[in-house]
Amino acid sequence: MNLKIGFIDDDTHILATYKKRFARRLIDMVYLDTIADHSDLDEWLLKEQICCALVDYKLNSAFMGENGTDMVAYINSIVPDLPCVLITNYTSDAKKSHMMIDQLIIERDLLLSDDLSEIITMIQHWCAVFENRKQKRYEEYKLLLDKKKSEQFNSAKLEERFLELYKLLRAYGDIDDLPLDLLTSATSKKMDALISNVNSLIEKFEHGE
């Protein structure tokens, strides 16, 4: 199965070359060249189910004025384990910012080098790490699901964590849809039951019962 990586850049003129070169090595590249707001980025990340993102260091106004390091920070707030790599012609500037691990800042020329083996090996490693970490999240999700089914949740934080994992794993196709009642918090269920009881009492009062 081909790996799928995302490429975020405001320069489209060489995209076809990148896509063709990586496709020969069983890596599909999906491209994002503009967003109106962060919700567009959220949708793109989960819809494409990428395992690694290459992000241009010098982005323009098409990306809300954010630079590559801002974009990486936001992506990792949405998908914490997704490996993000800065692509730049200014590696020294990017490294001086101390916003990225140096090993995740690479020269753009590397994507066009005669020998792609170095970058291919790195991408394969990054994607493998992501898949392994996602498996850990799946195991955590299964434990929380068992607790939820047996109504052992005792905090809003557990509910929030469960829904966070569900959203991520569902978007990547690792789990199936759950019945609505399992996605509803215990508090919401209690409130629904209370409202239902109140409505029943009102109806009885109105009918003189």
Side-chain angles (χ1 to χ4, degrees), residues 1-8 19 22-23 25-33 35-55 63-64 66 68-86 100-101 103-104 120-192:
M1 184 176 70
N2 289 14
L3 296 177
K4 182 184 279 191
I5 63 173
F7 194 68
I8 301 175
K19 288 177 67 73
F22 279 85
R25 292 157 179 84
L26 301 181
I27 294 179
D28 294 331
M29 182 179 285
V30 292
Y31 193 67
L32 180 67
D33 63 349
I35 55 172
D37 53 41
H38 280 146
S39 64
D40 290 342
L41 180 58
D42 298 351
E43 182 180 352
W44 179 79
L45 283 170
L46 298 179
K47 175 185 176 183
E48 296 296 346
Q49 300 182 13
I50 62 176
C51 63
C52 177
L54 308 183
V55 184
F63 291 92
M64 304 179 300
E66 294 187 351
T69 54
D70 293 333
M71 189 66 65
V72 166
Y74 180 76
I75 290 172
N76 284 149
S77 74
I78 302 302
V79 188
D81 294 322
L82 185 70
C84 296
V85 185
L86 277 186
M100 293 281 295
I101 296 172
Q103 288 80 358
L104 295 178
I120 296 297
T121 298
M122 288 191 290
I123 288 173
Q124 290 171 337
H125 171 69
W126 294 326
C127 289
V129 169
F130 177 62
E131 288 300 324
N132 288 337
R133 289 185 175 180
K134 192 146 58 73
Q135 179 60 34
K136 290 291 185 181
R137 290 179 181 274
Y138 175 76
E139 292 167 4
E140 180 187 357
Y141 165 81
K142 291 291 287 183
L143 288 174
L144 290 177
L145 178 60
D146 289 341
K147 285 187 176 182
K148 188 167 182 62
K149 286 179 176 178
S150 58
E151 298 185 352
Q152 294 179 30
F153 275 4
N154 55 13
S155 75
K157 284 187 176 180
L158 283 179
E159 290 276 4
E160 184 178 339
R161 180 59 176 165
F162 172 76
L163 292 175
E164 177 185 292
L165 291 170
Y166 172 78
K167 179 182 177 182
L168 175 63
L169 295 170
R170 180 67 189 88
Y172 274 83
D174 294 324
I175 58 176
D176 296 325
D177 289 328
L178 285 178
L180 185 60
D181 65 318
L182 282 176
L183 296 177
T184 305
S185 70
T187 301
S188 295
K189 290 178 181 178
K190 289 178 181 177
M191 287 298 296
D192 289 343

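Remember, it's a predicted structure, so these values are computed and weren't measured experimentally.
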Ignoring hydrogens, what is the shortest heavy-atom contact between [X] and [Y]? Give both atom names and the distance.
| X | Y | value |
| --- | --- | --- |
| G6 | I50 | N-CG2, 3.7 Å |
| Y138 | D174 | CE1-O, 4.1 Å |
| E131 | C51 | OE2-CB, 4.4 Å |
| Y166 | I175 | CD1-CD1, 3.5 Å |
| V85 | W126 | CG2-CZ3, 3.4 Å |
| L169 | Y141 | CD1-CB, 3.6 Å |

Can any side-chain N or O of [X] pair as donor or acceptor with the backbone N or O of [Y] at less than 3.5 Å?
| X | Y | result |
| --- | --- | --- |
| N132 | Q135 | no |
| K4 | E48 | yes |
| K147 | Q152 | no |

Starting at [atom1] of [X], measure out to [atom2] of [Y] and round the result to the nearest 0.5 Å.
| X | Y | atom1 | atom2 | result |
| --- | --- | --- | --- | --- |
| L54 | I5 | CG | CD1 | 4.5 Å |
| I123 | L3 | CD1 | CG | 8.5 Å |
| I8 | Y31 | CD1 | OH | 10.0 Å |
| T69 | L104 | OG1 | CG | 13.0 Å |
| H125 | C52 | NE2 | SG | 10.5 Å |
| L82 | N76 | CG | CG | 6.5 Å |

Does the ring centre of F130 sit less than 6.0 Å away from the ring centre of Y172?
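Distance test on ring centres: under 6.0 Å, yes.
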Let me see the working for K47 and V30 under side chain to side chain contact (heavy atoms under 4.5 Å, CB included), right down to the final yes or no.
CA-CA 11 Å; K47 175 185 176 183; V30 292; over 6 Å; no
For the pair L178 and L145, evaluate side chain to side chain contact (heavy atoms under 4.5 Å, CB included) and give the outcome as yes or no after the intermediate values.
CA-CA 10 Å; L178 285 178; L145 178 60; 4.0 Å; yes
Above 12 or not: heavy atoms from other molecules or residues under 6.0 Å from CG of D176?
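At most 12 heavy atoms, drawn from other residues, nucleotides or ligands, come within 6.0 Å of this atom.
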I'd like to know if [X] pairs up with [Y] as an ion pair, taking the criterion as any Lys NZ or Arg NE/NH1/NH2 lying under 4.0 Å from an Asp or Glu carboxylate oxygen.
| X | Y | answer |
| --- | --- | --- |
| R161 | E164 | yes |
| D81 | R137 | yes |
| K157 | E160 | no |

Apply side chain to side chain contact (heavy atoms under 4.5 Å, CB included) to the pair Y74 and D70, showing each step before the final yes or no.
CA-CA 6 Å; Y74 180 76; D70 293 333; over 6 Å; no
Could you point out which residue of N2, D28, I120 forms a side-chain contact (heavy atoms from CB on, under 4.5 Å) with F22?
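With F22 as partner, side-chain contact (heavy atoms from CB on, under 4.5 Å) holds for just one option, I120.
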Determine whether L32 and L41 make a side-chain contact, defined as any pair of heavy atoms from C-beta on separated by less than 4.5 Å.
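Sidechains of L41 and L32: in contact.
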Is there a side-chain contact between I35 and M71 in this structure, where contact means two heavy atoms from C-beta onward sitting under 4.5 Å apart?
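They are in side-chain contact.
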Verdict with reasoning, L168 to L46, per side chain to side chain contact (heavy atoms under 4.5 Å, CB included):
CA-CA 8 Å; L168 175 63; L46 298 179; 4.2 Å; yes
